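Report on the following structure.
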Amino acid sequence: MRILYQHNQKAMTVKRFMVEVTKKKKKKSKSKKKKEPTQQTDPPTIPVLDLFPSGDFPEGEIQQYKDDNLWRTTSEEKRELERLQKPSYNSVRRAAEVHRQVRKYIRSIVKPGILMTDMCETLENTVRKLISEDGLQAGIAFPTGCSLNWVAAHWTPNSGDKTVLQYDDVMKLDFGTHIDGYIVDCAFTVAFNPMYDPLLEASREATNTGIKEAGIDVRLCDVGAAIQEVMESYEVEINGKVYQVKSVRNLNGHSIGRYQIHAGKSVPIVKGGEQTKMEEGEFFAIETFASTGKGYVREDLECSHYMKNFDVGHIPLRLPRAKQLLATINKNFSTLAFCRRYLDRLGETKYLMALKNLCDAGIVQPYPPLCDVKGSYVSQFEHTILLRPTCKEVISKGDDY
């Protein structure tokens, strides 16, 4: 009996010891959970996946629907639809969080005297880090547009370009991020000289108006009319001359599809235009361009932007070099836009003839810079919005704009 009693006592001591160890382990793991969230570095180097270990990314600005769509806010059926869409919403929110962090950093380093190529490469490399670039699953959605003054869009430096940003320049910084083909298209304007402030304010307020007017079953032409009214209520004095601000009538916002930056619908920024309606579940880039020139752009200057046509089928190619270049484009960009600097970075050389061949065959579309009259100034602001079943989410909204 005594031996049995001692044995039991030993067993109980071992048991108590094990309980203590387990408790300590639990305490330790609890303290790990309480660890402060990682802070972004300056310059930013930490992928947003590490900053949001839960895997859930911040929602954009929520705007409620109005009038005939008010019922959607509380509809249980529409809420359920949103729950099913959560993975895709989370993907595009991750892309938006990268956009916010990158643009915040770029704003802090962009100064007169910076070489445009250096600025673009810094921006793009920061996107690559923060988005955890992964082939066609995560990365840059299109080339960094940094169009200056009367150039409204689609300009980025080609290799060897020596353009330097000046104090009196008006630069549109338009760049895109994507996760699984869900694209965030968002832009703002940089101007150091306060003389241009009313021009910037015109496009910023016009874009905010377009976002406010957008919604399910809203006609695209009605959004355009509201944008133009706000835009053209502004005037700007530049070097002693007063200009009436104009909406650039042949530039539009657009619907966005997966791996498809322009998905078919255009959002005008003047009255008139399409009677087509916006629909539930659609993504739109609402962007406006304010000009002191004619308010009309044409293609000019050396081309840097290209994109494979979304609906192109198999087209036989005779040139082996063109086939080879197309394989590079398919592998690295698919139907996302790219620029010549991106081809250089991949080690492609002497490709201009092959690229022209792909353009002539209708496989790739060139997008030359879009310019108003020389000597004029154009500003731009842009956000990506999602027409969710229950509300409108301004995906790319940040503290800055």
Side-chain angles (χ1 to χ4, degrees), residues 60-61 92 95-107 110 116 119-120 122-124 126-127 131 140-157 165 169-178 183-192 196-197 199-211 214 223 227 230-231 245 247-248 250-256 261-262 266-269 283-291 297 304-305 307 336-337 339 367 369-372 377-386 394-401:
E61 180 187 86
V92 79
E97 184 57 30
V98 171
H99 200 288
R100 280 188 286 271
Q101 293 195 19
V102 172
R103 72 188 191 229
K104 182 184 176 186
Y105 170 59
I106 291 300
R107 276 172 178 273
V110 167
M116 300 294 270
M119 180 196 71
C120 288
T122 300
L123 186 154
E124 289 155 1
T126 309
V127 168
I131 208 158
I140 295 167
F142 52 83
T144 306
C146 49
S147 309
L148 296 174
N149 306 324
W150 64 89
V151 184
H154 296 171
W155 187 86
T156 199
L165 188 62
D169 282 337
V170 175
M171 174 176 69
K172 284 69 65 187
L173 205 48
D174 187 348
F175 70 99
T177 53
H178 84 94
I183 297 170
V184 167
D185 183 0
C186 181
F188 59 97
T189 299
V190 175
F192 307 104
Y196 301 116
D197 286 355
L199 182 68
L200 270 63
E201 196 185 327
S203 52
R204 187 169 50 237
E205 286 313 305
T207 295
N208 288 338
T209 299
I211 291 166
V223 178
I227 285 171
V230 169
M231 182 82 85
V245 175
S247 277
V248 178
N250 60 335
L251 286 178
N252 305 290
H254 46 91
S255 57
I256 304 175
I261 189 65
H262 291 184
S266 293
V267 186
I269 61 174
F283 288 92
F284 282 94
I286 305 292
E287 59 183 319
T288 70
F289 295 83
S291 176
V297 293
S304 56
H305 285 50
M307 187 166 68
L336 295 171
C339 63
Y367 289 88
L370 299 168
C371 307
D372 204 325
Y377 295 93
V378 179
S379 73
Q380 172 202 19
F381 279 86
E382 175 180 27
H383 274 303
T384 295
I385 66 168
L386 166 59
V394 190
I395 300 280
S396 50
K397 190 80 170 176
D399 297 335
D400 47 357
Y401 65 95

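Heavy-atom basis, side chains included; hydrogens, waters and symmetry copies ignored. Residue numbers count from 1 along this sequence. Since this is a predicted model, take the numbers as computed values, not measurements.
How far NE2 of H305 is from CH2 of W155: 10.0 Å, rounded to the nearest 0.5 Å. Taking SG from C120 and CZ from F175, the interatomic distance works out to 11.0 Å, rounded to the nearest 0.5 Å. Rounded to the nearest 0.5 angstrom, Y377 OH and M171 CE are separated by 15.0 Å. Atom SG of C371 sits about 10.5 Å away from atom CG of N149, to the nearest 0.5 Å. Atom CG in N250 sits 10.0 Å away from atom CZ in F289 (nearest 0.5 Å). Atom CE in M307 sits 7.5 Å away from atom CD1 in I261 (nearest 0.5 Å).
In this structure, T384 contributes its side chain and D185 its backbone to a donor-acceptor pair below 3.5 Å.
When every heavy atom of V151 is checked against every heavy atom of P369, the shortest pair comes out as CG1-CB, 4.0 Å. Smallest separation of non-hydrogen atoms from A152 and K172: O-CE, 3.8 Å. Minimum interatomic distance between F381 and T189 (heavy atoms only, all atoms of both residues): CZ-N, 3.8 Å. In terms of heavy atoms, F142 sits closest to V184 at CE2-O, 4.4 Å. Considering all non-hydrogen atoms of both residues, L370 and L251 come closest at CD1-CD2, 3.6 Å. Closest approach of I227 to G210, counting heavy atoms only: CG1-CA, 3.7 Å.
Side chains of L148 and L165 form a contact here, defined as non-hydrogen atoms less than 4.5 Å apart. Side-chain contact between L173 and T144: present, with at least one pair of heavy atoms (C-beta onward) separated by less than 4.5 Å. Taking the side chain as every heavy atom from C-beta outward, R100 and K104 never approach each other to under 4.5 Å. Using a 4.5 Å heavy-atom cutoff, the side chains of D400 and F188 are not in contact. Using a 4.5 Å heavy-atom cutoff, the side chains of R103 and C186 are in contact. Residues N208 and V230 are not in side-chain contact: their nearest non-hydrogen atoms beyond the backbone lie 4.5 Å or more apart.
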Evaluate side-chain contact (heavy atoms from CB on, under 4.5 Å) for M231 paired with V245, printing each intermediate quantity in order.
CA-CA 7 Å; M231 182 82 85; V245 175; 4.1 Å; yes
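The distance between the ring centers of Y401 and H383 falls below 6.0 angstrom.
Checked for salt-bridge contact, E201 and R204 miss the test: no charged N lies under 4.0 Å from a carboxylate O.
Using a 30° and 60° split on the angle between ring planes, H154 and Y367 fall in the perpendicular class, above 60°.
T288 and T207 form a side-chain donor-acceptor contact under 3.5 Å, judged by distance and modelled atom types alone.
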